[in-house]
Number of protein chains: 2
Amino acid sequence: METTAAAAEAGTRTSVCSSPPAGHRRPAGQDKYTISEVVAFTGLTAHTLRWYERIGLMPHIDRSHTGQRRYSNRDLDWLDLVGKLRLTGMPVADMVRYAEMVREGDHTYQERCELLEATRRDVRARIAELQDTLAVLDHKISFYGDAGRAPASERS
Amino acid sequence: METTAAAAEAGTRTSVCSSPPAGHRRPAGQDKYTISEVVAFTGLTAHTLRWYERIGLMPHIDRSHTGQRRYSNRDLDWLDLVGKLRLTGMPVADMVRYAEMVREGDHTYQERCELLEATRRDVRARIAELQDTLAVLDHKISFYGDAGRAPASERS
DNA sequence: CCCTTGCTTGGAGTGCGCTCCAAGGTTCTA
DNA sequence: TAGAACCTTGGAGCGCACTCCAAGCAAGGG
């Protein structure tokens, strides 16, 4: 009952296992979570979860008979991906673009892939930048360390 | 004529050579630059440079007899460091703290060193996060690739 | 029945890091 | 000496990603 596109968005469930930001693994064999459970799983606030929905970053979220949100495991998978993309510094607007493409179906396949590849390039560049910065920090810290023990003796 | 603290802030001039953000190497043997030259060197805007000064992120900047800013090589070194710290995601307020410590002199030596070490830890953590994200992206992209060639066949 | 806890909504507010504006003075080139 | 290009200031404004608020509905316990 899934399109291939939907399958691609299902979070590829066996994904790289990194522990969730604010702890709390999901209980097995459950597929309906209240917003406060999702808060516990993701570390996001309820405000933020509702806001994500308002701006179109979430798929349609199921509701209880009284209108309360009931998140599925798939929704949580999507939130995991969103969390990762957020870590890359991707603007929320771009994630919304991506979410829209997912909703539009299979014909956006290639465009989505390109977006992910562009993001990957950005992440690699960012890592390189950070490693560069790390070198500067190491340099500076060792300079402080030296000067602390034996004052002066500049320009290393 | 320099305190050790000032020396530590002098940018350890032979620092790891990464090309400046917006290109343009500094001409050798010059020590007075207008704000627009600094804009060219750093890629920051003149607005931002003045703002940095207002919030206390810069040391005292020299002025021409008519009151225009004249940046020294040391100021540019400091801006390089600020640029690196900015890349780490360090909040501007923390950089201001650091700048204040530098102005306060040698007795803030250890505290400064600790701040740099904390920053280094953050940067390492951030790199790890990004590498984790990179793994997810790789995984997802290869899934898209596979599905593109031979549709369906879920849960990799 | 009341009280607490948790959820709902649209819209307003916050903090950060710039970014720009108006009005005026300075410096350079011709 | 003109004109363009550049510099100065304090303060207001902006875009992003939340973050919070008020007012109200629903369910469960004592």
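The figures here come from the full heavy-atom set of this structure, side chains too, leaving out hydrogens, waters and symmetry mates. Here the structure is a predicted model, which means the values were calculated and not measured. Lettering follows sequence order; numbering is per chain, from 1.
- Closest approach to the A:H47 side chain among D:dC7, D:dC20, C:dG17 is made by D:dC20 (side chain taken as heavy atoms from C-beta onward).
- Atom CG in A:L49 sits roughly 13 Å away from atom C1' in C:dC7 (whole-Å rounding).
- A donor-acceptor pair under 3.5 Å is absent between the side-chain atoms of B:R112 and the main chain of B:A99, judged by distance alone.
- A heavy-atom distance below 4.5 Å is found between the side chains of B:D77 and B:R26.
- When distances run from any side-chain atom of A:R63 to the nucleotides C:dG17, D:dG10, C:dT8, the shortest one goes to C:dT8.
- Atom-to-atom, CD of B:E53 to C1' of C:dG17 comes out at 17 Å; the value is rounded to the nearest Å.
- Whole-Å rounding puts the A:E37 CD to C:dG6 P distance at 12 Å.
- The minimum heavy-atom distance between A:L57 and A:W78, with the atom names listed, is O-NE1, 2.8 Å.
- Residues A:D75 and A:S72 bring a donor and an acceptor atom of their side chains to less than 3.5 Å of each other.
- Side-chain contact between B:V39 and B:T34 is absent, with no heavy atoms from C-beta onward closer than 4.5 Å.
- For D:dC6, the OP1/OP2 oxygens have no side-chain nitrogen or oxygen of B:T34 closer than 4.0 Å.
- Using a 4.0 Å cut-off, some side-chain N or O of B:Y52 falls inside it from OP1 or OP2 of C:dC18.
- Whole-Å rounding puts the B:L85 CG to C:dG17 P distance at 13 Å.
- The distance from atom CE of A:M58 to atom P of D:dA17 is 17 Å, rounded to the nearest whole Å.
- The side chain of A:R54 has C:dG10 as its nearest neighbour among C:dG10, C:dC18, C:dT8.
- Side-chain proximity of B:T48 to the nucleotides D:dC7, C:dG10, C:dC18 is greatest for C:dC18.
- For A:D94, there are no side chain to side chain donor-acceptor pair (under 3.5 Å) partners at least two apart in sequence or on another chain.
- Here the P atom of nucleotide C:dA12 and the CH2 atom of A:W51 are 17 Å apart, to the nearest Å.
- Heavy atoms of A:R69 sit under 4.0 angstrom from primed sugar atoms or phosphate atoms, though from no base atom.
- Partner A:D62 forms a salt bridge (charged side-chain N to carboxylate O under 4.0 Å, His left out) with one of A:R70, A:K32, A:R69 and no other, that one being A:K32.
- The distance from atom CD1 of B:I55 to atom P of C:dG17 is 8 Å, rounded to the nearest whole Å.
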Protein and nucleotides 26-30 of chain C: nitrogen or oxygen contacts under 3.5 angstrom:
{"residue": "C:dT26", "atom": "O3'", "partner": "B:T66", "partner atom": "OG1", "Å": "3.3"}
{"residue": "C:dT27", "atom": "OP1", "partner": "B:T66", "partner atom": "OG1", "Å": "2.6"}

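- For D:dG10, the base has no donor-acceptor partner in the side chain of B:R50 [N/O atoms by modelled type, under 3.5 angstrom].
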